[in-house]
Amino acid sequence: MLEVKGIDVYYGAIHALKGLSLEVEEGSIVTLIGANGAGKTTTLKSISGLLRPKNGAIMFKGNDISKVAPEKIVGLGISQVPEGRRVFSTMSVLENLEMGAYLRKDKKGIESDLENVFTRFPRLKERRKQTAGTLSGGEQQMLAIGRALMARPELMLMDEPSMGLAPLLVKEIFEIIKDINARGTTILLVEQNANMALSIANRAYVIETGEIVLEGTSEQLINSEEVKKAYLGG
Amino acid sequence: MLEFLQQLINGLSLGAIYALIALGYTMVYGIIMLINFAHGDIMMVGAYVGFFSIAVLGSNIFAALIFAMLSCAALGVLIEKIAYKPLRNSSRIAALITAIGVSLFLEYFTLFLLTPQQRVFPEAAFPLHKYQIGGLLVSNKDIFIFVLAVILMIALQYIIKRTRTGKAMRAVSLDREAAILMGISVDRTISITFAIGSSLAAAAGVMIGIYYNTINPLMGIIPGLKAFVAAVLGGIGIIPGAMVGGFLMGILETMVSGYGSTLYRDAVAFGVLILILLVKPTGLFGKDTGEKV
Ligand SMILES: Nc1ncnc2c1ncn2[C@@H]1O[C@H](COP(=O)(O)OP(=O)(O)O)[C@@H](O)[C@H]1O
Ligand SMILES: [Mg+2]
C-alpha cells in the first residue's frame, strides 16, 4: 500500500534521512522504532508531505505522492496522528473532530463516523463542548486519534501515541490501535516504546540516525540480540 | 451625568470604527504573526472607493459600502500575495519592514493619483439629522455607524465560530502544521483572512468619511495607529480583545476631548495604553496561549 523508496530528507545542511526505504502492506500494522532523534518523525512528516524529500519516491497505492501538496495528502487516504497530539487547544472537542473531516462532503458518513468515535471514546462524548486544551494527556491522545479517524483513512500514521502516558493508558491506546487495524485501517506506528510496538505489529523497522538498520517480522526483531540490547532493555 | 452620557454616545461611534479596523490587525496577526502596517491605508482606500462610488457613480451609502468592502477585500488579498507571501519564511522584521513599505506605497501612490486635496463626503449621501432624546443629542450618523459596526462584528463572530472556513482560520492560527494535516490550505486561509480584515477596514473607511466628512490620502495613518493600539490593548490576535480595545480607545478619546482638550486627547489615549500594558503586557484579554484568530 505504501512504499517509501530511498528518500533523502534534509533540514538545511542536516541530512536527517539517508536513502530511507520501507514498505507497509495493506491491512497490516508496521512499526518503525528507534531512539530519540533517529528520524522517525521526519519519516512520517515526509509521507504526509510536510517535508520534501530531495531524492527518492513515496508510492501510495501505486502513485508517487512525494510531490503532492501536503494539504492534499489526507484526501488520498492518509491521516496522521502527530507527535505530541497537536490538538487545536482552544477549539472544542467536537470542533477538533470536525476538522478531521474537513475535506469530506458526505454529511451522513461524517455523522456516523462521529458516532463511532464517540462510541469508541465515551470520554470525548462527555467532553465534546469542552476545549481540547483542558483535556488530560490521555484524552488529548484519544482526541488526536479520533480526529485522524474522522478523515476515514486507509492508512494511519501514528507518531509515538504512548508518549507521556501512564502505563495503564498506554495499554489502552495500544488496544485501540489494534482494534482500529482490525476494522480495516492499515497502520504505520512510530514508537520509542519498542516492547509494546513489537507486541502488536506484524512487521518492524529499526531506524538509527536516518537509516534503517534492521527489518523483519516482529517475532524476528523481538528475538534479535541487537534489538534486545538496544531497545528492549536486555 | 448627562454630560458623561453624551460623551459616551459620541465615543461609541468612533470606538466602533476603531474596533472594525483593530479586527483586521488582530486577525492578520493571529494567522501570520505580522503587524500589517498597511492596514490603516487599506481603510483609506476604502474611504476613497466609497467616496467615488457616491460622488461619481451616484450610489447610495449601502452600495458604496459594499463596493468599498469588495474592492478592499481584493486589495488585501493582492497585497498579501505580492508583498507578504514571498517573505513567509523570512524573519519577522523583514515582513514588518515590507508592511511599512506597502503602507508608504499606498499613501504616496494615492497622493500622486488623487493629489493631497481633501475630498468632502457628499452630504446628500447621508443627510445629517440630530435627535434630542431626554437631554441627549444623538445624530443619525452615530446610530448608523454604531449599528452597522455591531452587525459586521456579529457577522464576523458568526463566520469564525460557526462556519467551516472560520474554523479553518482558527485551526491555522493555532497550529499551522496540524491544520495542513487536516487538509486545510494555508494559502487559501490566509487569503480569506486578508479579505475579511480588509473589507472591515473598508467599511470603517466609509464610516470615517461619514463621521468626519472629509477624507485625504493620509487619513489612514492616525486611525490606523490608534486601531493598532486598540488591538494591542485588547490582546493582539484575540478577536473580542480588538472589539473591546477599539471601543475603549474611541470612548477614551472623546472623553478626553470633551472634558479636557483635543490637544491632549492622543497623548492621554496613548498614555493609558502604556499604563495598561505595564500592568498587563499581553493586553486585557491576553493569556499566555490565547486564541489567535
Ligand atoms: N526542524 C528541524 N530543524 C533541524 N533539525 C531537525 C528538525 N527536526 C528534526 N531535526 C533533526 O533531525 C533528526 C531527526 O529528528 P526526528 O525525525 O524528530 O527524530 P525522532 O522523531 O526519531 O525523535 C534529529 O537529529 C533532529 O535533531
Ligand atoms: Mg519524533
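Labels below follow one simple rule: chain letters A, B, ... track the order of the sequence lines, proteins then strands, and each chain is numbered from 1.
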Within a radius of less than 6.0 Å around [atom1] of [X], do more than 12 heavy atoms belonging to other residues, nucleotides or ligands occur?
X: A:Glu111; atom1: CD; value: no
X: A:Phe60; atom1: CZ; value: yes
X: A:Lys18; atom1: NZ; value: yes
X: A:Glu25; atom1: CD; value: no
X: A:Lys72; atom1: NZ; value: no

Closest approach of B:Ala178 to A:Arg86 (non-hydrogen atoms, all atoms of both residues)
CB-O, 3.7 Å

Are A:Val87 and B:Asp175 close enough that some pair of their side-chain heavy atoms sits under 4.5 Å apart?
no

Decide yes or no for A:Ser89 and B:Leu174: does some side-chain heavy atom of the first lie under 4.5 Å from some side-chain heavy atom of the second?
yes

Do A:Glu71 and B:Arg188 meet the salt-bridge criterion of a basic N to acidic O distance under 4.0 Å?
no

[atom1]/[X] to [atom2]/[Y] distance, rounded to the nearest 0.5 angstrom?
X: A:Met91; Y: B:Arg170; atom1: CE; atom2: CZ; value: 4.5 Å
X: B:Ile180; Y: A:Gln80; atom1: CD1; atom2: CD; value: 11.5 Å
X: B:Lys167; Y: A:Glu95; atom1: NZ; atom2: CD; value: 5.5 Å
X: B:Leu181; Y: A:Ile78; atom1: CG; atom2: CD1; value: 11.0 Å
X: B:Glu177; Y: A:Leu51; atom1: CD; atom2: CG; value: 7.0 Å

So what's closer than 4.5 Å to chain B heavy atoms on A:Leu103: side chain, backbone, both or neither?
both

Report the option among A:Lys45, A:Arg147, A:Met99 that has the most heavy-atom pairs separated by less than 4.5 Å from atoms of chain B.
A:Met99

So, the side chain of B:Arg164 versus the backbone of A:Tyr102: is there a donor-acceptor pair under 3.5 Å, distance only?
yes

